[in-house]
Amino acid sequence: MNTYAIDFETYYDDTIGFEANGNCGYVEHPDFNAYMVSVSGSDGFRWTGHPSKLNWSMFDGQRCLAHNASFDEAVYNRHFHTGTGPAEWHCTADLAAFSGYPRSLAGVMQQKYGKTRDKSIRDKMKGINPEVSANDPVNLAYAQEDADDCLRIWTDLSAQWPLIERRLSYLTRWMGWYGMDVDQPYVAECRAKLEAQITEIETAIPWATTAKLASPIAIAEYLTGLGIPAPKSRAKTSEDFARWLEEYADKAPVVKQISSLSSLRRTASTFNILASRTREDGSFPYSKLYCGAHTGRWSGAGGFNMENMNREDSFGTNLRRAFIPRPGMKFIIVDYSQIEPRVAAWRTGETELLEMCRTMSPYAAWGILTNRIGDLKAFDKARKTPGSDEAKLYSCLKEESLSLIYGVGHVKHQGSLRRFGMDIDLGEAKRRVDNFRSARPLLRQCWREKENAFRRALGSDLYAPQLPSGRHLHYWDPRQEQVEEKGELRVQMVADTLKGGDRKKRGDATKKIYGAYLFQNEIQAISRDAFAERTLAVCDALPDTRLCMTAHDEDVFECPVNAAEDRVRDVRHLLTIPPDWMPGVPLDVSIEIADYYKK
């Protein structure tokens, strides 16, 4: 089998392109124009020119690559597929991310090979007549170099990319292309409702015609006229602003309205994107990034984040409610129950806690082990009453099991408990954290072991601990740096979780390293691997049950209405079988049949 890297150059401007239309909307746009394609093959074949002049049947039964296959493979499938087609398609951007390098072609070429690519050439093609671009020698050379680099990345890195991860890469693309159906009347209703609220707020602001609506000067002048002091901050997370609202919101309601205006507009924008990108068949295609996070978990992309949809109503609308199964189908929504605390107990060797998780949640097990729960049946019944002592205790146990295992300190712990309605002082928060750590000696030992292993790697190019699945995490350039904390300089271990140290902005990928942080990454990565493997098992075993999307530890499947009850049993069974490399871990799921996406 030969391997061919394929790269399309396509016309784009402000009205047609990724940003305006999303991936599938761009490829399916009536004015879409792929005017150049470049090919680089393992057999030495190199070619750049107009797609109409290429013999597309040469790829039948071969392996094809693209750096961003979610686009190039979609272009091929929609516009140039002939014959039987390639036997395989792979994405070298996904391969780069799996290997700990930047996703972008320029990024991986720089960090892997020290080669600088001028990607501004692509930017200069924006809005240019395709005939002009296609005959520019600079553009022709640029396109061929893209294909050559794509093939080089595959040649050098693919041997370390296991089959299961290649399948997950493809599944990520497939989910996005398949998409989810949209309740279009509901979306129209939500858009109208949000627009009405925005208009109502804008027209109620006295200075709407003379200054920016959120102008601090205009707000201060308005409040001065009312004899009210201006808030020091209007940030949603500001405690000062919360206190200001308690005292003055009734006297100056417009200030609270302005604070909600940006959220209103963001919500409206999301529904507008949903409406504009919904296809004629009623489905909404989307994009996700395979290995978008350091731990290997997926992340949102393409201007619509499927990973982070609000669970609660927002301004009288619910985004999740907009997604519905296709006609004749039902959703099966399944979420792993407390997978991280279960995996953590397995990795630390806390066998008693792990064994108890076979019959109860890790939160309840931890409550029993620390003598805070006696009668579990009575506790479970009582905790369902909001504000009860049992409900507060359950929140404490959950917080301990999900955050204190990762080394969260007493200040953050205090803040977390406040969100559950428990106002404790810092002294009490510290006592609780200290007690937790004292009660989990095997956990603290695991933290130390992780930290010591990293310390031994200081000064090397890469620290890459292997996970039980065989996959590796990447900590590039492990080193010590002087950092300032609370006005004092101290030496801190740091590393880059992405080769080169940048993600969205400079420094994002440079992390302070300590044992609990390494442990957290490991547990989340193992949880991801188990979730991914078992999700593939469902896809393999149940061909009539299609995976519409994933979000963190949650799957949304779509199956025929008359098979839904049986498929719930099948999905539950398949997802609760631990992987061979994670024997003995009791997995559990919550699962339901639904007519729309909900939590």
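For clarity, every value in this text was computed on a predicted model and none was experimentally measured.
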Check: Thr295 main-chain N/O paired with Arg297 side-chain donor or acceptor under 3.5 Å
no

Once the angle between the rings of Tyr517 and Tyr514 is folded into 0 to 90°, is it parallel (under 30°), tilted (30 to 60°) or perpendicular (over 60°)?
tilted

Hey, could you give me the CG/CD1 distance between Asp181 and Ile324, rounded to the nearest 0.5 Å?
5.5 Å

Start with the C-alpha gap between His67 and Asp7, add the side-chain angles, then the distance that decides, and say whether side-chain contact (heavy atoms from CB on, under 4.5 Å) holds.
CA-CA 8 Å; His67 201 85; Asp7 181 75; 5.9 Å; no

Which residue pairs pass the ring-ring contact (aromatic ring centres under 6.0 Å, His included) test with at least one member in residues 2-21, sequence neighbours excluded?
Tyr4-Phe59, Phe8-Trp56, Phe8-Phe80, Phe18-Tyr26, Phe18-Phe71

Is there a donor in the side chain of Ser287 and an acceptor in the side chain of Asn23, or the other way round, less than 3.5 Å apart?
no

Step-by-step salt bridge (charged side-chain N to carboxylate O under 4.0 Å, His left out) determination, Asp149 to Arg117
CA-CA 10 Å; Asp149 287 346; Arg117 291 295 311 275; 2.6 Å; yes

Please table the atom pairs, donor to acceptor, closer than 3.5 Å between any side-chain atom in residues 266-273 and protein atoms at least two apart or in another chain.
| from | atom 1 | to | atom 2 | distance (Å) |
| --- | --- | --- | --- | --- |
| Arg266 | NH2 | Ser263 | OG | 3.0 |
| Thr267 | OG1 | Ser263 | O | 2.9 |
| Thr270 | OG1 | Arg266 | O | 3.0 |
| Asn272 | OD1 | Arg191 | NE | 2.8 |
| Asn272 | OD1 | Arg191 | NH2 | 3.3 |
| Asn272 | ND2 | Ala268 | O | 3.2 |

Restricting to side-chain contact (heavy atoms from CB on, under 4.5 Å), what partner residues turn up for Glu28, sequence neighbours left out?
Cys24, Arg78, Arg279

Of all heavy-atom pairs between Asn68 and Ser70, which one has the smallest distance, and what is that distance?
OD1-OG, 2.7 Å

Do the side chains of Lys115 and Glu145 get close enough for a salt bridge, i.e. N-O under 4.0 angstrom?
yes

Counting heavy atoms not belonging to Ile217, are there more than 12 under 6.0 Å from its CD1?
no

Please give me the minimum heavy-atom distance between Pro231 and Phe241, naming the atom from each residue.
CB-CD1, 3.8 Å

Count the heavy atoms belonging to other residues, nucleotides or ligands that lie under 6.0 Å from CD of Glu202, then report whether that count exceeds 12.
yes

ring-ring contact (aromatic ring centres under 6.0 Å, His included) with His50: which residues, sequence neighbours excluded?
none

Excluding sequence neighbours, so at least two apart, what forms side-chain contact (heavy atoms from CB on, under 4.5 Å) with His552?
Glu307

Ring-plane angle category for His90 and Trp154, please: parallel below 30°, perpendicular beyond 60°, tilted otherwise.
parallel

Please answer whether the main-chain N or O of Phe557 pairs with a side-chain N or O of Asp555 as donor and acceptor at a distance below 3.5 Å.
no

Ser233 meets the side-chain contact (heavy atoms from CB on, under 4.5 Å) criterion, sequence neighbours left out, with Ala235, Ser238

Any carboxylate oxygen within less than 4.0 angstrom of a Lys/Arg side-chain nitrogen, looking at Asp281 and Arg326?
no

Enter the distance from Trp174:CH2 to Leu168:CG here, rounded to the nearest 0.5 Å.
14.0 Å

As a quick check of understanding, evaluate side-chain contact (heavy atoms from CB on, under 4.5 Å) for Asp313 and Arg321, giving each step before the final call.
CA-CA 9 Å; Asp313 287 0; Arg321 170 67 182 77; over 6 Å; no

Which heavy atom of Arg479 sits nearest a heavy atom of Ala495, and at what distance?
NH1-CA, 3.9 Å

With Trp298, which residues qualify under ring-ring contact (aromatic ring centres under 6.0 Å, His included), at least two apart?
none

So that I know where these two stand, are Phe454 and Tyr463 an aromatic pair - ring centroids less than 6.0 Å apart?
yes

Nearest 0.5 angstrom please: Ile6 CD1 to Asp146 CG, how far?
13.5 Å

In Å and rounded to the nearest 0.5 Å, what is the CH2 to OG distance from Trp207 to Ser215?
8.0 Å

Taking the side chain as every heavy atom from C-beta outward, state whether Arg167 and Leu163 have any pair of such atoms under 4.5 Å apart.
yes

Got a sec, which pairs hit salt bridge (charged side-chain N to carboxylate O under 4.0 Å, His left out) with one end in residues 29-47, sequence neighbours left out?
Arg46-Asp148

Arg320 side chain vs Met309 backbone, donor-acceptor pair below 3.5 Å:
yes

Is there a side-chain contact (heavy atoms from CB on, under 4.5 Å) between Leu213 and Ile258? Walk through the geometry before answering.
CA-CA 7 Å; Leu213 299 183; Ile258 291 171; 5.5 Å; no

Taking only distance into account, with no hydrogens and no angle test, what donor-acceptor pairs under 3.5 Å do side-chain atoms of residues 121-128 form with protein atoms, sequence neighbours excluded?
| from | atom 1 | to | atom 2 | distance (Å) |
| --- | --- | --- | --- | --- |
| Arg122 | NH1 | Glu9 | OE1 | 3.3 |
| Arg122 | NH1 | Thr10 | O | 3.1 |
| Lys126 | NZ | Asp14 | OD1 | 2.7 |

For Ser299, check side-chain contact (heavy atoms from CB on, under 4.5 Å) against everything at least two apart and list the hits.
Leu289

Look at the side chain of His294 and the backbone N and O of His474, then say whether any donor-acceptor pair between them is shorter than 3.5 Å.
yes

Taking the side chain as everything from C-beta on, heavy atoms only, tell me whether Asp136 gets closer than 4.5 Å to Tyr142.
no

Hey, is Asp529 close enough to Arg471 for a salt bridge, meaning N to O under 4.0 Å?
yes

Got a list of side-chain donor-acceptor pairs under 3.5 Å for residues 100-108, not counting sequence neighbours?
| from | atom 1 | to | atom 2 | distance (Å) |
| --- | --- | --- | --- | --- |
| Arg103 | NH1 | Tyr290 | O | 2.7 |
| Arg103 | NH2 | Asp94 | OD1 | 2.5 |
| Ser104 | OG | Gly107 | N | 2.9 |

Output yes when a side-chain donor or acceptor of Asn310 lies under 3.5 Å from a complementary backbone atom of Glu312, and no otherwise.
yes

For Pro478 versus Tyr475, what's the shortest heavy-atom pair and its separation?
CD-O, 3.7 Å

How many angstroms lie between atom CD of Glu481 and atom CG of Leu489, to the nearest 0.5 angstrom?
12.5 Å

Step-by-step side-chain contact (heavy atoms from CB on, under 4.5 Å) determination, Glu73 to Tyr170:
CA-CA 10 Å; Glu73 185 180 358; Tyr170 174 75; 3.8 Å; yes

Short N-O contact, Arg173 and Asp72, less than 4.0 angstrom:
no

For the OH atom on Tyr596, are there more than 12 heavy atoms of other groups (residues, nucleotides or ligands in this structure) within a distance under 6.0 Å?
no

Nearest 0.5 Å please: distance from the CD atom of Glu195 over to the CD atom of Gln197.
10.0 Å

Heavy-atom donor-acceptor pair, Gln62 side chain to Asn2 backbone, under 3.5 Å
yes

Pairwise side-chain contact, Met180 with Met306, heavy-atom cut-off 4.5 Å (strictly under)
yes

Within the 3.5 Å criterion, strictly below it, is a donor on Asp118 or Thr116 matched to an acceptor on the partner's side chain?
no

Just grab all the ring-ring contact (aromatic ring centres under 6.0 Å, His included) pairs involving residues 102-129, residues at least two apart or on different chains.
none

